[in-house]
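Data block below; observations after.
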Number of protein chains: 2
Amino acid sequence: MSDDLRGLNDLDRLIHEPARLLIVTILSAAASADFLFLQREAGLTKGNLSAHLSKLEEAGYVKIEKTFKGKLPLTVCKLTAKGQKAYTAYRQQMQMFMDKTG
Amino acid sequence: MSDDLRGLNDLDRLIHEPARLLIVTILSAAASADFLFLQREAGLTKGNLSAHLSKLEEAGYVKIEKTFKGKLPLTVCKLTAKGQKAYTAYRQQMQMFMDKTG
DNA sequence: TAAATAGGTTTGTAGTACAAACTAGTTTGC
DNA sequence: GCAAACTAGTTTGTACTACAAACCTATTTA
């Protein structure tokens with residue numbers, strides 16, 4: 001164990017946070033998801049989800065579009081190219097860690 | 001993606017934190033390590049390492065013994081059975097996630 | 001005996017996740 | 001027609017967190 005594991009220290013904390021990892025994973029597979037779908041799927045409270053989405057949006061990882069479904073507000077989220085890239089990089093780093101220390 | 005990934009929300013945050021994941025990984029392989037070895041290996045500042053070790057100790061994941069090497073203080077850390085178990089569980093959960101979403 | 005070094009710990013700060021409380025609009029009950 | 005309950009979120013308050021800078025105590029060196 002004189003291996004270089006310090007790469008862990010460079011993990012993207014935005015994605016490392018479990019709730020956001022969950023969100024990004026779902027978006028990565030779904031191409032597009034609305035707020036309530038995400039909430040159910042991820043098992044988060046509205047407030048929590050809202051806050052996490054804002055962070056992902058600020059980082060440019062997620063694009064958020066507010067429209068209407070009939071007369072009710074509808075928030076649709078997509079992973080951006082940047083977000084997809086960050087997600088992929090995170091997975092690679094984590095898999096690297098798992099492999100090295102398996 | 002209607003899979004159950006919500007398990008991510010149950011990740012042990014104590015181990016999920018990259019710096020501590022690093023520490024625990026090193027301890028898991030080394031059986032015993034002193035403070036400065038850990039510091040070098042993990043690439044952490046003393047203050048940061050000290051704080052993380054205290055947390056791991058409070059959780060019962062790490063046993064810390066303070067002795068002397070000659071006349072200088074020497075802090076030796078070992079992973080406890082509880083810590084090893086938590087580490088293994090964390091790895092399993094993370095690997096499960098990686099596999100499910102590969 | 002002053003200054004530097006070793007091996008840490010404590011403290012201050014900025015940032016974080018989370019749920020409770022709130023907002024703005026819509027539908028339902030009476 | 002208007003109050004109550006619901007929908008779809010956002011904002012706010014709180015308690016926790018990671019981190020490095022400053023500190024501490026003892027030892028070694030100049």
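To find a chain, count down the sequence lines: A is the first, B the second, and so on, and within it residues start at 1.
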- Note on the structure: Taking for A:Ala51 and for A:Asn9 the nucleotide of DNA chain D with the nearest heavy atom, the one nearer the 5' end belongs to A:Ala51
- For B:Gly7 and B:Gln93, which heavy atoms make the closest approach, and how far apart are they? O-NE2, 3.7 Å
- Do the numbers put B:Arg91 on top of the ring of A:Phe97, so that NZ or CZ is under 6.0 Å from the six-membered ring centre and no more than 45° off the axis? yes
Run the side-chain donor-acceptor check on residues 58-81 of chain B: report pairs under 3.5 Å with partners two or more places apart or on a different chain.
unit_1: B:Tyr61; atom_1: OH; unit_2: B:Asp12; atom_2: OD2; d: 2.6
unit_1: B:Lys63; atom_1: NZ; unit_2: B:Glu65; atom_2: OE2; d: 3.4
unit_1: B:Thr80; atom_1: OG1; unit_2: B:Gly60; atom_2: O; d: 2.6
unit_1: B:Thr80; atom_1: OG1; unit_2: B:Tyr61; atom_2: O; d: 3.2
unit_1: B:Thr80; atom_1: OG1; unit_2: B:Lys82; atom_2: N; d: 3.4
unit_1: B:Thr80; atom_1: OG1; unit_2: B:Gly83; atom_2: N; d: 2.9

- A:Leu14 and A:Lys55 have their tightest heavy-atom pair at CD2-O, 4.0 Å
- Report yes if some heavy atom in the side chain of B:Leu53 is under 4.5 Å from a heavy atom in the side chain of B:Glu57; otherwise report no. no
- Does B:Arg13 make a side-chain N or O approach to OP1 or OP2 of C:dC18 shorter than 4.0 Å? yes
- Query: A:Met96, B:Met94: one ILVMFWY side-chain cluster at the under-4.5 Å cut-off?
  - Reply: no
- Note on the structure: With sequence neighbours left out, the residues meeting side chain to side chain donor-acceptor pair (under 3.5 Å) with B:Gln95 are B:Asp99
In a table with atom names and distances, give each donor-acceptor pair under 3.5 Å that connects a side chain of residues 43-51 of chain A to protein atoms at least two apart or in another chain.
unit_1: A:Thr45; atom_1: OG1; unit_2: A:Asn48; atom_2: N; d: 3.2
unit_1: A:Asn48; atom_1: OD1; unit_2: A:His52; atom_2: NE2; d: 3.0

- Task: To the nearest Å, give me how far apart CG (B:Asp10) and P (C:dC18) are.
- Result: 12 Å
- Query: B:His16 side chain to A:His16 main-chain N or O, any donor-acceptor pair under 3.5 Å?
  - Reply: yes
- Looking at DNA chain D, which of residues 54-68 of chain B put a heavy atom within less than 4.0 Å of it? B:Lys55
- Length of the NE2-P vector between B:His52 and C:dT9, whole Å: 14 Å
- Message: Is it the case that the side chain of B:Arg20 and the backbone of B:Leu56 share a donor-acceptor pair, with hydrogens and angles ignored and the cut-off at 3.5 Å?
- Response: no
Show each protein N/O and nucleotides 2-7 of chain C N/O combination with a separation under 3.5 Å, one pair to a line.
unit_1: C:dG7; atom_1: OP1; unit_2: B:Lys69; atom_2: NZ; d: 3.4
unit_1: C:dG7; atom_1: O3'; unit_2: B:Pro73; atom_2: O; d: 3.3

- Message: Reading DNA chain D in the 5' to 3' direction, which nucleotide is the first one with an atom under 4.0 Å from a heavy atom of chain A, and which is the last?
- Response: D:dT7 to D:dC19
